[in-house]
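See below for the structure under consideration.
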Amino acid sequence: TYIDGINILHIFQLAYYCGLTRKEILSLRIKDILMDDVIINNHLNINNNTIILSSTVKSILEDHIKYMKYAGYNINKSAYLFQAPRSKGKKQLNMARTKKYERDINIIAGSLIKKNVVSKIRHAGIQEYYNKISREMKEKESITATSIFARCTKEWLRNIIIIKGNKTKIERRSIAD
């Protein structure tokens with residue numbers, strides 16, 4: 001079984017730096033990130049939410065597009081940003097593509113953190129975002145800003161982040177995206 005580790009790395013990076021869920025990442029199309037054939041957009045629109053892209057994320061997306069060209073993936077605007085390798089001439093069904101990435105992510109993650117690995121990486125990125133802005137804002141404002149970043153409710157966020165003085169940590173229980 002061929003596993004495209006570069007694609008998986010970029011999926012993990014988008015989960016961490018943008019707080020995107022696995023479903024949101026796998027539903028991205030090339031037209032969602034490119035203004036024209038070369039320039040990466042400054043934002044993504046996902047489920048009626050605008051996500052501003054940092055220079056780090058734009059660099060990741062630029063690298064991903066370059067990699068797709070190098071590896072021979074379909075790079076027309078309607079194509080998915082994360083495609084599974086396939087034989088020429090065969091149409092790729094979205095369900096098969098999604099299942100392949102789920103399997104590949106589980107193989108790369110190993111048996112120790114197999115379940116919901118993209119969710120755990122996303123939660124770590126949300127935690128890092130919260131830690132960063134909580135140094136500059138009050139707790140209530142930090143939670144509001146983080147819930148906007150993560151596109152989630154404040155209640156969901158409080159179930160993920162436990163606040164104890166200046167220390168925070170990801171709650172160990174599993175919460176599906």
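In what follows, residues are counted from 1 in the order of the sequence shown.
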Heavy atoms, side chains only, cut-off 4.5 Å: are [X] and [Y] in contact?
X: Leu44; Y: Asn49; value: no
X: Ile126; Y: Leu157; value: yes
X: Ile11; Y: Leu26; value: yes
X: Asn7; Y: Gln83; value: no
X: Thr146; Y: Cys152; value: no
X: Met68; Y: Phe82; value: no
X: Ile60; Y: Leu9; value: no
X: Gln13; Y: Thr56; value: no

Taking it one step at a time, do Ile65 and Ile33 satisfy side-chain contact (heavy atoms from CB on, under 4.5 Å)? CA-CA 10 Å; Ile65 294 295; Ile33 66 160; 3.8 Å; yes
Report whether [X] and [Y] are members of the same hydrophobic cluster (ILVMFWY, side-chain heavy atoms less than 4.5 Å apart, transitive linking).
X: Met137; Y: Ile52; value: no
X: Trp156; Y: Phe149; value: yes
X: Ile6; Y: Val57; value: yes

Can you see which heavy atom on [X] is nearest to which on [Y], and at what distance?
X: Gly19; Y: Glu24; answer: O-OE1, 4.2 Å
X: Ser147; Y: Lys154; answer: OG-CG, 3.9 Å
X: Ile133; Y: Ser142; answer: CD1-O, 3.5 Å
X: Ile25; Y: Leu20; answer: CG1-CB, 3.6 Å

So, using side chain to side chain contact (heavy atoms under 4.5 Å, CB included) as the criterion, who are the partners of Ala71 when residues are at least two apart? Tyr67, Tyr73
With sequence neighbours left out, what residues match Ile148 under side chain to side chain contact (heavy atoms under 4.5 Å, CB included)? Thr144
Please enumerate all residues that pass side chain to side chain donor-acceptor pair (under 3.5 Å) together with [X], with sequence neighbours excluded.
X: Ser55; value: none
X: Asn42; value: Lys58
X: Lys132; value: none
X: Thr50; value: Asn45

Within this structure, what is the [atom1]-[atom2] distance for the pair [X] and [Y], rounded to the nearest 0.5 Å?
X: Leu14; Y: Leu81; atom1: CG; atom2: CG; value: 7.0 Å
X: Cys18; Y: Leu61; atom1: SG; atom2: CG; value: 7.0 Å
X: Lys23; Y: Ile46; atom1: NZ; atom2: CD1; value: 12.0 Å

Short side-chain to backbone donor-acceptor contact, Arg122 and Arg22, under 3.5 Å: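 Looks like no, no N/O pair under 3.5 Å.
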